[in-house]
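Structure record follows, encoded as structure tokens.
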Amino acid sequence: MTRTWSRTSRVIAGTATALAVLTACGGGGDDTSSKPDGPVTITFWGWAKGSKDVVDAFNASHKDIQVKFEEIPSGTAGGYAKISNAVKAGNAPDLVSIEYASLPEFVSSGALQDIGDQFTEADRAKLLPQSVELTTLGGKSWAVPFDAAPQAFFYRKDLFAKYKVNVPTTWDAFKKAAEQVKKADAKARIATFFPDDPTTFEAMAWQAGAQWFKAENDTWKIDTTDPATTKVTAYWQGLLDADLVHKDASFSPEWVGSLKNGTTIGYLGASWGAGVLKGNVPELSGKWAVAPVPTWDGKPASGMLGGTSFAVTKDSKQKAAAVTFAEWMSTTEEGVKARIASGTSSAFPAAASLRPVAKKAFDASYYGGEDIYALFEAAGASINPNWAWGPTTGTTNTAIKDRFGKIAQGGPTLADAVKAGHDATVAELTKRGLKVEG
């Protein structure tokens with residue numbers, strides 16, 4: 001795991017020069033004390049499973065700091081827009097959940113505070129140095145990293161057995177398995193394409209070796225027409241054209257309903273997806289299993305789908321208290337236990353020392369006692385290192401999402417959506433006065 005993260009961090013570190021121009025506008029806040037000196041209340045917005053349980057546990061065990069929690073939609077489902085609007089209106093919470101992919105966007109817009117004076121070297125030492133670098137941009141520390149999110153394939157082992165379908169290890173085998181499932185039950189599909197969630201598609205491109213965003217010196221190079229992206233785009237277009245996968249919004253009532261009635265028998269997600277299934281369809285305990293995500297050549301490979309960090313908004317006057325709470329969530333046994341023991345979170349901590357705690361806290365009986373954390377560990381070690389996020393993720397994903405929702409036979413294609421994302425990214429970077437090629 002360490003070696004892969006080190007290579008990844010070097011890629012991300014290469015974006016520092018291009019981001020340095022942007023990070024100068026980050027907020028500084030007024031809180032410079034090393035620790036909160038009296039009872040304070042902070043506000044926290046997030047959506048990850050188990051968040052309320054973590055807040056309740058923290059409040060019960062701390063006298064000097066109390067946390068008011070508001071659950072918001074996931075980032076791409078409106079959460080990021082809500083955070084951005086609150087920052088612009090001057091009424092943002094103190095602490096927010098931000099996925100690694102979107103952190104550069106918030107940093108570049110000046111929405112966050114540099115927390116380097118609170119998240120010290122001693123604090124960083126509790127986490128893998130490489131994971132800390134995911135939240136270090138322009139030489140400054142912008143968030144406390146919580147988890148990693150390697151890809152995984154969740155499947156109904158009872159229905160796979162019933163339909164005599166082997167668990168696919170390659171994408172070619174996945175297509176054949178999809179055909180078998182549809183033939184066995186005309187209403188059933190092996191998985192779902194989420195038109196509202198570009199990040200799942202991006203994880204597929206990441207896994208295949210794509211590199212959409214690359215910073216060299218003072219120039220951003222944008223490339224979504226590389227062979228890896230073209231291959232992934234054509235593959236998923238083929239699955240959609242052949243009606244081999246469902247097309248439902250992520251985590252929607254339609255999607256959950258199809259899980260309940262057995263017409264969706266697989267889920268291409270990430271490590272945190274184990275908690276999603278357990279929380280949404282508890283009645284199917286013992287019927288689901290987890291496997292490595294299929295790869296192009298059968299060798300281990302993964303992208304990252306999500307991954308959470310905690311950042312302090314620019315106008316917060318309680319930076320020290322907010323960072324104290326963020327660190328408690330991310331770097332203490334109590335914080336990890338509180339999140340996972342609720343039964344709805346299968347978070348894979350960025351802190352390697354806390355993964356045994358997470359494994360012990362998560363009741364894997366839902367998956368027949370399978371050692372899912374061993375699988376996540378292996379998947380994490382196989383994350384493709386040659387991917388970095390750019391500073392316009394929101395713009396990129398909005399453009400792609402808009403087109404994904406219109407994909408239909410004889411209509412707009414996945415390739416059209418990816419091109420729209422590319423064009424919107426280049427236009428936005430140019431609008432910001434940055435040098436861009438692509």
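The basis for the numbers below is simple: all heavy atoms, side chains too, and nothing from hydrogens, waters or symmetry mates. We count residues from 1, following the sequence as given.
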Side-chain H-bond candidate by donor/acceptor type, Ser51 with Asp53, under 3.5 Å | no

Please assess Lys182 against Glu179 for the test side-chain contact (heavy atoms from CB on, under 4.5 Å), listing each intermediate value before the final yes or no.
-> CA-CA 5 Å; Lys182 183 180 177 182; Glu179 292 169 343; 6.0 Å; no

So is Arg339 actually on top of Phe146's ring, under 6.0 Å and inside 45° of the axis?
-> yes

Taking atom types as modelled and ignoring hydrogens, do the side chains of Thr170 and Asp172 form a donor-acceptor contact shorter than 3.5 angstrom?
-> no

For Lys360, does the NZ atom have more than 12 heavy-atom neighbours from other residues, nucleotides or ligands under 6.0 Å away?
-> no

At what distance, to the nearest 0.5 angstrom, does OG1 of Thr136 lie from CG of Asp114?
-> 9.5 Å

Describe, in one word, how the ring planes of Trp255 and Phe251 are oriented to each other, choosing from parallel (under 30°), tilted (30 to 60°) and perpendicular (over 60°).
-> perpendicular

Should the pair Asp56-Lys52 be classified as a salt bridge under the 4.0 Å nitrogen-to-oxygen rule?
-> yes

What are the two closest non-hydrogen atoms of Thr135 and Leu103, and how far apart are they?
-> CA-CD2, 3.6 Å

Gap separating the NZ atom of Lys176 from the CD atom of Gln180, nearest 0.5 angstrom = 9.5 Å

Thr199-Asp197 side chain donor-acceptor pair, cut-off 3.5 Å | yes

Name the orientation class of the two ring planes belonging to Trp171 and Phe174 (parallel below 30°, tilted from 30 to 60°, perpendicular beyond 60°).
-> perpendicular

Side-chain touch His422/Val418, heavy atoms, less than 4.5 angstrom = no

What one should report as the nearest heavy-atom pair of Pro145 and Tyr100 is CB-OH, 3.4 Å

What's the shortest heavy-atom distance between Lys314 and Gln113, and which atoms?
-> O-NE2, 3.4 Å

Has Lys435 got more than 12 heavy atoms of other residues, nucleotides or ligands less than 6.0 Å from its NZ?
-> no

Those residues at least two apart in sequence (or on a different chain) that pass side chain to side chain donor-acceptor pair (under 3.5 Å) with Lys221 are Glu216

Determine whether the aromatic ring centres of Trp389 and Trp212 lie less than 6.0 Å apart.
-> no

Does the side chain of Tyr235 come within less than 4.5 Å of Trp296's, by heavy atoms?
-> yes

So, do Ser309 and Trp142 sit near enough that their side-chain heavy atoms are less than 4.5 Å apart?
-> no

Under the ring-ring contact (aromatic ring centres under 6.0 Å, His included) criterion, do Phe310 and Phe325 qualify, and how do the steps go?
-> CA-CA 10 Å; Phe310 303 115; Phe325 172 55; 7.4 Å; no

Return yes when atom NZ of Lys337 has more than 12 non-hydrogen atoms of other residues, nucleotides or ligands closer than 6.0 Å, and no otherwise.
-> no

Could you tell me whether the side chains of Ser382 and Ser302 share a donor-acceptor contact shorter than 3.5 Å?
-> no

Hey, can you tell me if Tyr267 and Phe154 have their rings parallel, tilted or perpendicular (30° and 60° cut-offs)?
-> parallel

Salt bridge between Asp117 and Lys319, side-chain N to carboxylate O under 4.0 Å?
-> yes

Using 4.0 Å as the upper bound for N to carboxylate O, is an ion pair formed by Asp402 and Lys406?
-> no

Taking all non-hydrogen atoms of both residues into account, name the closest pair between Ala205 and Thr229 and its distance.
-> CB-OG1, 4.4 Å

Are the aromatic ring centres of Trp47 and Tyr80 under 6.0 angstrom apart?
-> yes

Run the salt-bridge test on Glu377 and Lys359 with the 4.0 Å N-O cut-off and return the result as yes or no.
-> no

When you check the side-chain N and O atoms of Ser108 and Arg432, is any donor under 3.5 Å from an acceptor?
-> yes

Quick check: are there more than 12 heavy atoms from other residues, nucleotides or ligands sitting under 6.0 Å from NZ of Lys175?
-> no

